[in-house]
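Notes to accompany the following structure.
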There are 2 protein chains.
Amino acid sequence: MHMIKLHFMNQRLDHIFSALADPTRRQILMMLLEDDMAVTDVAEPFEMSLAAISKHLGVLCVAGLITQERRGRVKWCKLEPDATQSAWTWMQGFGQFETLDLDGLETYIETILKDN
Amino acid sequence: MHMIKLHFMNQRLDHIFSALADPTRRQILMMLLEDDMAVTDVAEPFEMSLAAISKHLGVLCVAGLITQERRGRVKWCKLEPDATQSAWTWMQGFGQFETLDLDGLETYIETILKDN
DNA sequence: CAGACATTCAACCATTTGGTTGACCATTTA
DNA sequence: TAAATGGTCAACCAAATGGTTGAATGTCTG
């Protein structure tokens, strides 16, 4: 039972990390950070075929990093940032907490304190 | 100049994420979390050849996630957790900061405050 | 020195990956 | 209805990946 869960989790991590391992796909994610986009628009800044981008989007979908919803003839791509949770958690478990970007942490804490 | 740096960074992320994309390699990293190990000992729990493990260790080395130091006939493998910094930072930039384990963050901050 | 041990190298193999192209399907618009 | 648009599919290709085996290299030990 736990074995199954672990296996599942492992596959999930496989998908997420290998999706993140490609610069094109990372760039796509960054683009989607600003807004949802149609497949053609995602493809526009890249110097490769639409089909190639379509495949990349498929990989991101399988990893759960994005979702796609078809409305009419255009397919909208939407970021699913929560999907990185597993990867994030794994990296924490890898003992990385103390190497967290301390500058970023500092400003973050300051923002919190200001709000109180 | 910035382009070069970005390219460099991008390659680094490629290496790190694709190193993390393999379950065997992730398991190796977890093992090394406990202590430094010789190549043979790393290989022991796995059902694959020593040569295969040797290759995996090579990948982890290139990604900078571990270092290897030869002493006599044995080569010691040592974790380099700081290497995940880039990946960690990238994921932060990907907008994940709010999903960070806030409990862990809290205890972390408390530890800092105690020390002052 | 001879043998055992730790590790890598080299050649090979099957599978996956990242890309191409051209045909195809569905939807919108003139 | 005809043409344009948005996107995928299928077949193909080159290169990378993850594994194997057997030989080779360097180091310790009896």
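Order of the sequence lines fixes the chain letters, A, B, ..., with proteins taken first and strands second; residue numbering starts at 1 for each chain. Note that the coordinates shown come from a computational prediction; the quantities given were computed from them, not determined experimentally.
- Rounded to whole Å, atom C1' of C:dC5 lies 16 Å from atom CD of B:E44.
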Show each protein N/O and nucleotides 23-30 of chain C N/O combination with a separation under 3.5 Å, one pair to a line.
unit_1 : atom_1 : unit_2 : atom_2 : d
C:dT27 : O2     : A:R73  : NH1    : 3.3

**OP:** For side-chain contact (heavy atoms from CB on, under 4.5 Å), just list the numbers for B:L65 and B:H15, CA-CA rounded to whole Å, side-chain angles, deciding distance to a tenth of an Å, and then say yes or no.
**Re:** CA-CA 10 Å; B:L65 292 166; B:H15 288 148; over 6 Å; no
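- Across the protein-nucleic acid pair, B:W76 atom CH2 and C:dT8 atom P stand 14 Å apart, rounded to whole Å.
- Tracing side-chain contacts under 4.5 Å through hydrophobic residues (I, L, V, M, F, W, Y), one reaches B:I53 starting from B:L33; they form part of the same cluster.
- For the pair B:S54 and C:dT7, the criterion of a side-chain N or O lying under 4.0 Å from OP1 or OP2 is not met.
- Following rounding to the nearest Å, A:I53 (CD1) and C:dG19 (C1') show an atom-to-atom distance of 11 Å.
- When distances run from any side-chain atom of A:R25 to the nucleotides D:dT8, C:dT7, C:dG18, the shortest one goes to C:dG18.
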**OP:** Dump the intermediate steps for side-chain contact (heavy atoms from CB on, under 4.5 Å) on A:N10 and B:R26, then the final yes or no.
**Re:** CA-CA 9 Å; A:N10 242 4; B:R26 285 198 304 274; 3.0 Å; yes
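- Proximity note for A:A52 (side chain, C-beta onward) versus D:dG19, C:dG19, C:dT8: the nearest is C:dG19.
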Subject >> Residues B:V74, B:V39; criterion side-chain contact (heavy atoms from CB on, under 4.5 Å); working and verdict >> reply: CA-CA 8 Å; B:V74 359; B:V39 174; over 6 Å; no
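- Proximity note for B:T40 (side chain, C-beta onward) versus D:dG18, C:dT7, C:dT20: the nearest is C:dT7.
- In this structure, A:L57 places its CG atom 13 Å from P of C:dG18, rounding to the nearest Å.
- Screening residues 46-59 of chain B for side-chain hydrogen bond (donor to acceptor under 3.5 Å, both in side chains), with sequence neighbours left out, gives B:R25-B:H56.
- The distance between atom CZ of A:R26 and atom C1' of C:dG18, rounded to the nearest whole Å, is 15 Å.
- Using a 4.0 Å heavy-atom cutoff across all strands shown, B:A38 reaches sugar-phosphate atoms only and no base atom.
- One interatomic measurement links the two molecules: CZ of B:F17 to P of C:dG18, which rounds to 15 Å at whole-angstrom precision.
- Side-chain N/O atoms of A:S49 include none lying less than 4.0 angstrom from OP1 or OP2 on C:dG19.
- Residue B:K55 places no side-chain N or O under 4.0 Å from the OP1 or OP2 atom of D:dG19.
- Here C:dC5 presents its C1' atom at 16 Å from NZ of B:K75, a figure rounded to the nearest Å.
- Closest-nucleotide positions on DNA chain C for A:D22 and A:A51 were compared, and the one nearer the 5' end corresponds to A:D22.
- Between the CG atom of B:L60 and the C1' atom of D:dG18 there is a distance of 13 Å, rounded to whole Å.
- B:V42 and B:W76 are members of different hydrophobic clusters when ILVMFWY side chains are connected at heavy-atom separations under 4.5 Å.
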Subject >> B:W88 vs B:I16, side-chain contact (heavy atoms from CB on, under 4.5 Å): CA-CA, chis, key distance, verdict >> reply: CA-CA 10 Å; B:W88 193 264; B:I16 293 179; over 6 Å; no
